[in-house]
Amino acid sequence: MIPLDVFGSESVAADLLQQVRWRDGVSCPRCCSNRTVRNGTYAQFQRYLCKHCDRTFNDKTGTIFAHSKIALLRWLFSIYAFLRFNTSLRQLQCEIEVTYKTIHRRVECFTEALDAPSLDLRGPVEIDEFYVSAGLKGRERDRWSRSRGLSRRGRRTYDQDKPPVFVLVDRGTEQRYVVPPKSADESTIRLLLAVSQQEPLTLYTDGFRAYDPLTEDEQFDREYVVHGDGEYADEEVHVNSCESHASLARRWLSPHRGISKDRLTQYLRAFQLRQELYRKPGRKALKRAVKATL
């Protein structure tokens, strides 16, 4: 259910931010002291005085919502619509009636505030990769634009404007991770799998040759299918879960009409958060999204 009460009142939106931010008690964002007292209000937001550094702050100080002239309820609506409904920035611009530059900057601040997912692999693990057409959108190029320059098929690299994205599915915990490195090679794969807690780690892959050295490694028990030979599943040996998750990631990127490769990591972190919120009710989902930015 959409939390309409939050989006209809600035005071309710301020209360939600206060609940999420100070869930473990109020502390000064400058010196981290908990010697604080209430000290009036700032518009709809509670203001505090730190007795350690003798400075004041409010519920927005030190967050991505600080120093914004746009109402908090509009920003919360933007975050919710962006994550829950995968709304494009152009549509958000119309919904909250701000300039495209403003909504772009704020959504960028939101995605930059998200932490990278912490991989915890217990196994068995599926791993697969897909490639995203991502060039230099949003910044000046050092050369002329190419005619359909990002339409090349197949495996490419970050420098060729088609960076790889690895999908890992831990069948033991049902956790799914999306990680965009700059290359799809053996060293990158080993780095992704270095956090595994099982040895040997049962690994399901396709026939991509970058996985071949893992077959002879005692740290891994690799089983694979070769799509080129028409093999897609052999009982539990398959990467179908990875391919399914990759299709969701592609759909997530689609409304944004091409992502700059500089921002690809940020958008995929937002996608990771979106998957966590998928089955949460509206208010809990919004609280989790706000918590992820603090």
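Residue numbers count from 1 along this sequence.
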Asker: Under 6.0 Å between ring centres: does that hold for Phe7 and Tyr80?
Answerer: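 Yes - the distance between ring centres of Phe7 and Tyr80 falls below the 6.0 Å cut-off.
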Asker: Would you please indicate yes or no on a ring centroid separation below 6.0 angstrom for His245 and Phe271?
Answerer: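 So the answer is yes for these two rings.
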Asker: Give a yes or no on whether the backbone of Val26 and the side-chain of Arg21 come within a donor-acceptor separation of less than 3.5 Å.
Answerer: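 It does not hold such a pair.
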Asker: Can you list every side chain to side chain donor-acceptor pair (under 3.5 Å) pair that touches residues 285-294, not counting sequence neighbours?
Answerer: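 The answer is Gln19-Lys287, Glu276-Arg288.
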Asker: About how many Å separate CH2 of Trp22 and CG of Leu17, when rounded to the nearest 0.5 Å?
Answerer: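 So the gap between those two atoms works out to 8.5 Å.
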Asker: Is the closest side-chain donor-acceptor distance between Ser244 and Ser247 under 3.5 Å?
Answerer: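 There is no such pair (donor and acceptor under 3.5 Å, judged by atom type) between the side chains of Ser244 and Ser247.
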Asker: Main chain of Gln18, side chain of Gln46: is a donor-acceptor contact present, judged purely on distance under 3.5 Å?
Answerer: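 Side chain of Gln46 to backbone of Gln18, a donor-acceptor pair under 3.5 Å: no, none is there.
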Asker: Taking only residues two or more places apart in sequence or in another chain, which ones pass side chain to side chain contact (heavy atoms under 4.5 Å, CB included) with Leu73?
Answerer: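 Leu73: side chain to side chain contact (heavy atoms under 4.5 Å, CB included) contacts with Glu10, Ala13, Ala71.
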Asker: Does any N or O in the side chain of Ser88 come within less than 3.5 Å of the main-chain N or O of Gln91, such that one atom is a donor and the other an acceptor?
Answerer: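 At least one qualifying donor-acceptor pair exists.
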Asker: Which pairs count as salt bridge (charged side-chain N to carboxylate O under 4.0 Å, His left out) when at least one residue sits in residues 43-64, sequence neighbours excluded?
Answerer: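 Qualifying pairs: none.
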Asker: Any salt bridge (charged side-chain N to carboxylate O under 4.0 Å, His left out) pairs touching residues 23-33, not counting sequence neighbours?
Answerer: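 Passing the test, one end in residues 23-33: no pairs.
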Asker: Aromatic contact between Phe82 and Trp252, with the criterion being ring centroids under 6.0 Å apart: yes or no?
Answerer: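 Yes: the rings meet the under 6.0 Å criterion.
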Asker: Pick out which of Val167, Val169, Leu168 makes a side chain to side chain contact (heavy atoms under 4.5 Å, CB included) with Arg176.
Answerer: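 In the set Val167, Val169, Leu168, the residue that makes a side chain to side chain contact (heavy atoms under 4.5 Å, CB included) with Arg176 is Val169.
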Asker: Can you list everything that forms a salt bridge (Lys or Arg N to Asp or Glu O under 4.0 Å) with Asp120? Sequence neighbours excluded, please.
Answerer: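 In terms of salt bridge (Lys or Arg N to Asp or Glu O under 4.0 Å), with neighbours along the sequence ignored, Asp120 is linked to Arg122.
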Asker: For the ring pair His227 and Tyr232, is the centre-to-centre distance below 6.0 Å?
Answerer: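 Judged by ring-centre distance (under 6.0 Å), His227 and Tyr232 do meet the cut-off.
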Asker: Is a side-chain donor-acceptor pair under 3.5 Å present for Arg269 with Thr111?
Answerer: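 Their side chains do not contain a donor-acceptor pair, so the 3.5 Å distance test is not met.
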Asker: The criterion is salt bridge (Lys or Arg N to Asp or Glu O under 4.0 Å); which residues satisfy it with Glu223, sequence neighbours excluded?
Answerer: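 With sequence neighbours excluded, Glu223 shows a salt bridge (Lys or Arg N to Asp or Glu O under 4.0 Å) to no residue whatsoever.
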